[in-house]
Colleague: 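To start, I am sharing the structure in question, which I have written as structure tokens.
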Amino acid sequence: MPSIDVSPQRELQNLNMDLDNKKRGGNLKSRLQCRSSQDANNEGLCYEEMSQWSESLERLLSSKYGMKIFQAYLKSEFSDENIEFWLVCEDYKKMKSSFRMSSRAKKIFKRYIQAEAPREINIDHNTRELIRRNMKTPDSLCFDDARRIVYGLMEKDSYPRFLRSDLYRDLLESTSESVQM
């Protein structure tokens with residue numbers, strides 16, 4: 001049966017749309033397995049890369065496919081605010097314009113830091129107060145303490161759960177099988 005050649009990036013974009021669309025049938029694991037098989041056949045997602053994700057959270061996040069699959073996993077667990085905040089902070093650090101930085105810092109603070117924020121992250125009171133003071137003159141490092149805390153939480157909690165998940169194990173197994181064929 002002929003296969004349709006779809007780019008891995010397009011497939012991962014579709015995956016994100018699938019997660020947002022609650023009306024779609026099927027579960028996350030089956031959609032990812034199907035896509036990983038397609039990606040593996042298109043030399044996108046491979047067993048070697050996926051097996052390296054278990055070496056460290058840094059390795060997982062440095063992989064474009066690893067990042068997307070980890071995000072999808074966290075979204076399916078209703079715990080994606082940490083990775084979302086971490087990614088926003090990574091982009092924020094790269095900003096050069098102080099006006100844009102100030103505007104973006106306020107948005108980040110309202111969305112993730114302030115008490116009862118819509119996507120409030122789990123940080124201690126002292127860190128929250130330090131960031132509140134930093135908001136008077138935001139710079140590229142004003143969220144660094146919170147970013148480090150969130151990374152540590154992901155490293156100690158979300159990442160090990162991801163590695164133990166049926167999702168990761170099944171994806172790893174499905175790409176392993178395509179290597180053996």
Colleague: Just wondering, do K106 and S102 contact through their side chains at under 4.5 Å, heavy atoms?
Modeller: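 Yes, at least one pair of side-chain atoms sits under 4.5 Å.
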Colleague: Establish whether M154 and L163 are linked, either directly or via other cluster members, by ILVMFWY side-chain heavy-atom contacts under 4.5 Å.
Modeller: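 Yes; tracing contacts between hydrophobic side chains, which count when under 4.5 Å, links both residues.
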Colleague: Passes side chain to side chain contact (heavy atoms under 4.5 Å, CB included), L172 versus S51? Steps please.
Modeller: CA-CA 7 Å; L172 195 58; S51 63; 4.1 Å; yes
Colleague: Which donor-acceptor pairs under 3.5 Å do the side chains of residues 115-124 make with protein atoms, sequence neighbours left out?
Modeller:
| unit_1 | atom_1 | unit_2 | atom_2 | d |
| --- | --- | --- | --- | --- |
| R119 | NE | E84 | OE2 | 3.3 |
| R119 | NH2 | D80 | OD1 | 2.9 |
| R119 | NH2 | D80 | OD2 | 3.4 |
| R119 | NH2 | E84 | OE1 | 3.2 |
| E120 | OE1 | E116 | N | 3.0 |
| E120 | OE2 | R128 | NH2 | 3.4 |
| D124 | OD1 | T127 | OG1 | 2.8 |
| D124 | OD2 | N126 | N | 3.2 |
| D124 | OD2 | T127 | N | 2.9 |
| D124 | OD2 | T127 | OG1 | 3.0 |

Colleague: Does Y159 offer a backbone N or O that forms a donor-acceptor pair with the side chain of Y73 under 3.5 Å?
Modeller: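 It does not hold such a pair.
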Colleague: Please identify each residue that fulfils side chain to side chain donor-acceptor pair (under 3.5 Å) with D145, with sequence neighbours left out.
Modeller: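 So D145 forms a side chain to side chain donor-acceptor pair (under 3.5 Å) with R148.
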Colleague: Can you sort out the partners of R59 under side chain to side chain donor-acceptor pair (under 3.5 Å), two or more places apart, ordered by chain and number?
Modeller: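 Testing R59 for side chain to side chain donor-acceptor pair (under 3.5 Å), a comparison that skips the adjacent residues, returns E55.
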Colleague: Find the distance between CG (L57) and NZ (K156) and round it off to the nearest 0.5 Å.
Modeller: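 Nearest 0.5 Å value for the CG-NZ distance: 10.5 Å.
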Colleague: Would you say the side chain of M67 lies within less than 4.5 Å of the side chain of I83, judging by non-hydrogen atoms?
Modeller: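 I83 vs M67: side chains touch.
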Colleague: Donor-acceptor pairs under 3.5 angstrom involving side-chain atoms of residues 89-96: please list them, not counting sequence neighbours.
Modeller:
| unit_1 | atom_1 | unit_2 | atom_2 | d |
| --- | --- | --- | --- | --- |
| E90 | OE2 | R147 | NH1 | 3.3 |
| Y92 | OH | D139 | O | 3.1 |

Colleague: Residues two or more places apart in sequence or in another chain: which of them pass side chain to side chain donor-acceptor pair (under 3.5 Å) with E129?
Modeller: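 Expected list: R132.
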Colleague: Which distance, rounded to the nearest 0.5 Å, do you find between the OH of Y65 and the CG of L60?
Modeller: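 These two atoms lie 14.5 Å from each other.
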Colleague: Any idea which heavy atoms bring G66 and S63 closest together, and the distance?
Modeller: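 Heavy atoms only, the tightest pair is N-OG, 2.9 Å.
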Colleague: Would you compute the distance between atom OG of S158 and atom OH of Y151 and round it to the nearest 0.5 angstrom?
Modeller: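 Result: 12.0 Å between the selected atoms.
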Colleague: Determine, using the 4.5 Å side-chain heavy-atom cutoff (strictly less than), whether F143 and L130 are members of one ILVMFWY cluster.
Modeller: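 Result: no, two separate clusters.
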Colleague: I need the I108 CD1 to K110 NZ distance, nearest 0.5 Å.
Modeller: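 Between atom CD1 of I108 and atom NZ of K110 there are 12.5 Å.
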Colleague: Test I113 against F85 for side chain to side chain contact (heavy atoms under 4.5 Å, CB included), laying out the working first.
Modeller: CA-CA 9 Å; I113 305 297; F85 172 74; 3.8 Å; yes
Colleague: Using side chain to side chain donor-acceptor pair (under 3.5 Å) as the criterion, list what pairs up with E77, not counting sequence neighbours.
Modeller: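 So E77 forms a side chain to side chain donor-acceptor pair (under 3.5 Å) with R161.
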Colleague: Counting N and O atoms only, with roles assigned by atom type, does the side chain of T175 sit under 3.5 Å from a partner on the main chain of L171, one being a donor and the other an acceptor?
Modeller: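 Present.
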Colleague: Starting from L87, can I reach F70 by hopping between I/L/V/M/F/W/Y residues whose side chains sit under 4.5 Å apart?
Modeller: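 Same hydrophobic cluster.
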Colleague: Any chance you could measure S103, atom OG, to K107, atom NZ, to the nearest 0.5 Å?
Modeller: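 S103 OG to K107 NZ: 4.5 Å, rounded to 0.5 Å.
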Colleague: Classify the angle between the aromatic ring planes of F162 and Y168 as parallel (below 30°), tilted (30 to 60°) or perpendicular (above 60°).
Modeller: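 Correct class here is tilted.
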Colleague: Start with the C-alpha gap between R164 and R169, add the side-chain angles, then the distance that decides, and say whether side chain to side chain contact (heavy atoms under 4.5 Å, CB included) holds.
Modeller: CA-CA 7 Å; R164 290 189 306 268; R169 291 173 189 240; 4.2 Å; yes
Colleague: Within this structure, what is the NZ-CG distance for the pair K64 and L45, rounded to the nearest 0.5 Å?
Modeller: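 If we round to the nearest 0.5 Å, K64:NZ and L45:CG are 10.5 Å apart.
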Colleague: What are the two closest heavy atoms between P160 and D157, and how far apart are they?
Modeller: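 Result for this residue pair: CD-O, 3.2 Å.
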